[in-house]
Amino acid sequence: ADVLKVERPGKGDDTRGWGPPFVTDAEGRETTESAYYLCCNRNKRSVAIDLSNEEGLALIKRLAREADVVIENFKVGDLTRRGLDYGSLSAEKPRLIYCSVTGFGQTGPKAARAGYDFMIQGMGGIMSITGFPDEDGGHPTKVGVGIADIMTGMYASSAILAALHARQRTGRGQYIDLALFDCQLAWLANQGLAYLTDDKEPVRLGNGHPTIVPYETFEAADGHFIIAVGNDGQFAKLCGILGAPELATDPRYARNVNRVRNRRELVPLLNDLTRARPAAEWLAACEAQKVPAGPVNSIPEAFADPQAAHREMRISLPHPVDGRGAVDLIGNPIKFSETPVTYRHAPPMAGQHTDAALADWLDLSEAELASLQGAGAIARDQSK
């Protein structure tokens, strides 16, 4: 896909300023490119067009007529008054797929409110089940990355692909209305369904699992590691590894349903056993017996894992302002057999591709581009 990111001239995407850290130039000075912005803009082309300028607005409408998909995240109603809403654009191009992403959707009592990830995590329930219980000194905790934003983007990509598939059959596009709040509720998943099933409020369990035990972090002699037992057979093997085979035949713990009900007694018993040896020894023993277990890696350790290198999850792409001439990025996790992912260019600088993209999409000449710049409708490429 050729993805055009339309940005405000002179400022660009707000996330460009969400730092530090920022990319640094050859002299070690911070640039305008934040790591936050870099994390989600690879392979896009940036065009700087002023929506408040009459000629700029007309230019965006022309681009929309050439597009397969339009994605926007303005407040409800903002684009309608500019004639950039789905109704206006689809009237000229019925095949257009148009996806709106807002905090609370296009309808409902909160539709006009702005939505940010942290707010949505709180309102959508995930913080109420993230963190340790009150008795262990815990409190409601957000996920360490903007997961409500990210998952809404995932739902958006899935929805757009489904709409493209539908268009192959019907010849018509459609409107997709996505809300961060809705998506947050949707990915409450088993915890949400647990509440809807028995009407009991899920509680914070720290690193524990609500319906599988043992499935959490345990204390080793030198730190913490994870045991993720998924069935009774694995539990029996674990008990043998820990030198306590009797636990696997104890009626309080033999079956998972009873381990869940008796977690307060069982988990401390297991921790007493795991403290006896270093984590690496437990992990080696668990791997040998095919008992699921793993380390609690830092982010540097995660990227240093040989598996991450083998799967090409850390990549490097040329960048015009980075002092090294390139930026490190996270690789795409999707591995296609027939149409492998390509890395065409790093996340663009604001307006970096204005000239090239408008020439490609609308066949604008140098004179036309200069005229649009003179009218304040666009900002020309910064890379020149």
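Position 1 is the first residue of the sequence; numbering continues from there.
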Does Glu246, at its CD atom, have more than 12 non-hydrogen atoms belonging to other residues, nucleotides or ligands within less than 6.0 Å? yes
If you count every heavy atom of other residues, nucleotides or ligands that lies below 6.0 Å from Leu161 atom CG, does the total exceed 12? yes
For Glu312, I'd like to know if atom CD has over 12 heavy atoms of other residues, nucleotides or ligands within 6.0 Å. no
Do Glu7 and Ser46 have side-chain atoms, one donor and one acceptor, less than 3.5 Å apart? yes
Here's a test for you: under side-chain contact (heavy atoms from CB on, under 4.5 Å), which of Val229, Val291, Leu242 qualifies with Cys286? Val291
Would you say that more than 12 heavy atoms from the other residues, nucleotides or ligands in this model lie under 6.0 Å from the CZ of Arg314, or not? no
Transitive ILVMFWY side-chain link Phe235 to Leu269, under 4.5 Å: yes
With a cut-off of 6.0 Å (strictly less than), are more than 12 heavy atoms of other residues, nucleotides or ligands near NZ of Lys200? no
Between Arg172 and Thr170, a side-chain donor and acceptor under 3.5 Å: no
Side-chain heavy atoms of Val70 within contact of Ile97, under 4.5 Å: no
Less than 4.5 Å apart, any side-chain heavy atom of Glu301 and any of Pro295? no
Close side-chain approach of Ile299 and Phe303, heavy atoms under 4.5 Å: yes
Between Asp85 and Arg82, is the closest basic N to carboxylate O distance under 4.0 Å? no
Carefully, step by step, assess Arg45 and Trp361 under the rule side-chain contact (heavy atoms from CB on, under 4.5 Å). CA-CA 12 Å; Arg45 294 203 286 175; Trp361 279 52; 3.9 Å; yes
Before you tell me yes or no, could you show the steps for Val296 and Asn207 under side-chain contact (heavy atoms from CB on, under 4.5 Å), namely the whole-Å CA-CA distance, both residues' side-chain angles and the distance that decides it to 0.1 Å? CA-CA 11 Å; Val296 181; Asn207 292 321; over 6 Å; no
Ion pair Arg8/Asp50, N-O distance below 4.0 Å: no
Strictly below 4.0 Å, N to O, side chains only: are Lys142 and Asp117 in salt-bridge contact? no
For the side chain of Thr342 and the backbone of Arg344, is there at least one donor-acceptor N/O pair under 3.5 Å apart? no
Would Arg259 and Asp232 pass as an ion pair if we require N to O under 4.0 Å? yes
Does a side-chain N-to-carboxylate-O contact under 4.0 Å join Arg252 and Glu265? no
Please test Ile176 against Tyr98 for side-chain contact (heavy atoms from CB on, under 4.5 Å), starting from the C-alpha separation and ending with a verdict. CA-CA 6 Å; Ile176 301 167; Tyr98 190 113; over 6 Å; no
Is there a donor-acceptor pair under 3.5 Å between the side chain of Asn53 and the backbone N or O of Ala375? yes
Just so I know, are the side chains of Leu59 and Lys61 near enough to count as touching, which here means a heavy-atom distance under 4.5 Å? no
Can you confirm whether Lys11 is buried at NZ, in the sense that more than 12 heavy atoms of other residues, nucleotides or ligands lie under 6.0 Å from that atom? yes
Within the 6.0 Å centroid threshold, strictly below: His319 and His345: no
Establish whether Tyr215 and Trp282 are linked, either directly or via other cluster members, by ILVMFWY side-chain heavy-atom contacts under 4.5 Å. no
Using modelled atom types only, decide if a donor and an acceptor are shared between the side chain of Glu216 and the backbone of His209 within a distance under 3.5 Å. no
Under 3.5 Å: donor-acceptor pair, side chain of Arg324, backbone of Ala326: yes
Dump the intermediate steps for salt bridge (Lys or Arg N to Asp or Glu O under 4.0 Å) on Glu135 and Arg264, then the final yes or no. CA-CA 13 Å; Glu135 58 266 30; Arg264 289 185 178 275; 3.3 Å; yes
Over 60° means perpendicular and under 30° means parallel, so tell me whether Tyr86 and Tyr175 are parallel, tilted or perpendicular. tilted
Is there a side-chain contact between Val327 and Val23 in this structure, where contact means two heavy atoms from C-beta onward sitting under 4.5 Å apart? yes
Any carboxylate oxygen within less than 4.0 angstrom of a Lys/Arg side-chain nitrogen, looking at Arg277 and Asp222? no
Flag yes if more than 12 heavy atoms outside Arg261 fall under 6.0 Å of its CZ atom; otherwise flag no. no
Is a side-chain donor or acceptor of Asp136 paired with a backbone partner of Gly138 at a separation under 3.5 angstrom? no
Shared ILVMFWY cluster between Phe22 and Leu317, side chains joined below 4.5 angstrom? no
Applying a strict under-4.5 Å side-chain criterion to I, L, V, M, F, W and Y, I'd like to know whether Leu4 and Leu57 cluster together. yes
Greater than 12 external heavy atoms within 6.0 Å of Arg255's CZ: no
Have Asp149 and Thr152 got a donor and an acceptor in their side chains that come within less than 3.5 Å? no
Indicate whether the side chain of Glu72 and that of Ser100 have a donor and an acceptor atom separated by less than 3.5 Å. yes
Establish whether Val143 and Met154 are linked, either directly or via other cluster members, by ILVMFWY side-chain heavy-atom contacts under 4.5 Å. yes
Side-chain contact test, heavy atoms from C-beta onward, threshold under 4.5 Å: evaluate it for Phe218 versus His224 and give yes or no. no
Backbone of Thr211 reached by a side-chain donor or acceptor of Asn256 within 3.5 Å: yes
State whether a side-chain donor-acceptor pair under 3.5 Å links Glu368 with Ser371. no
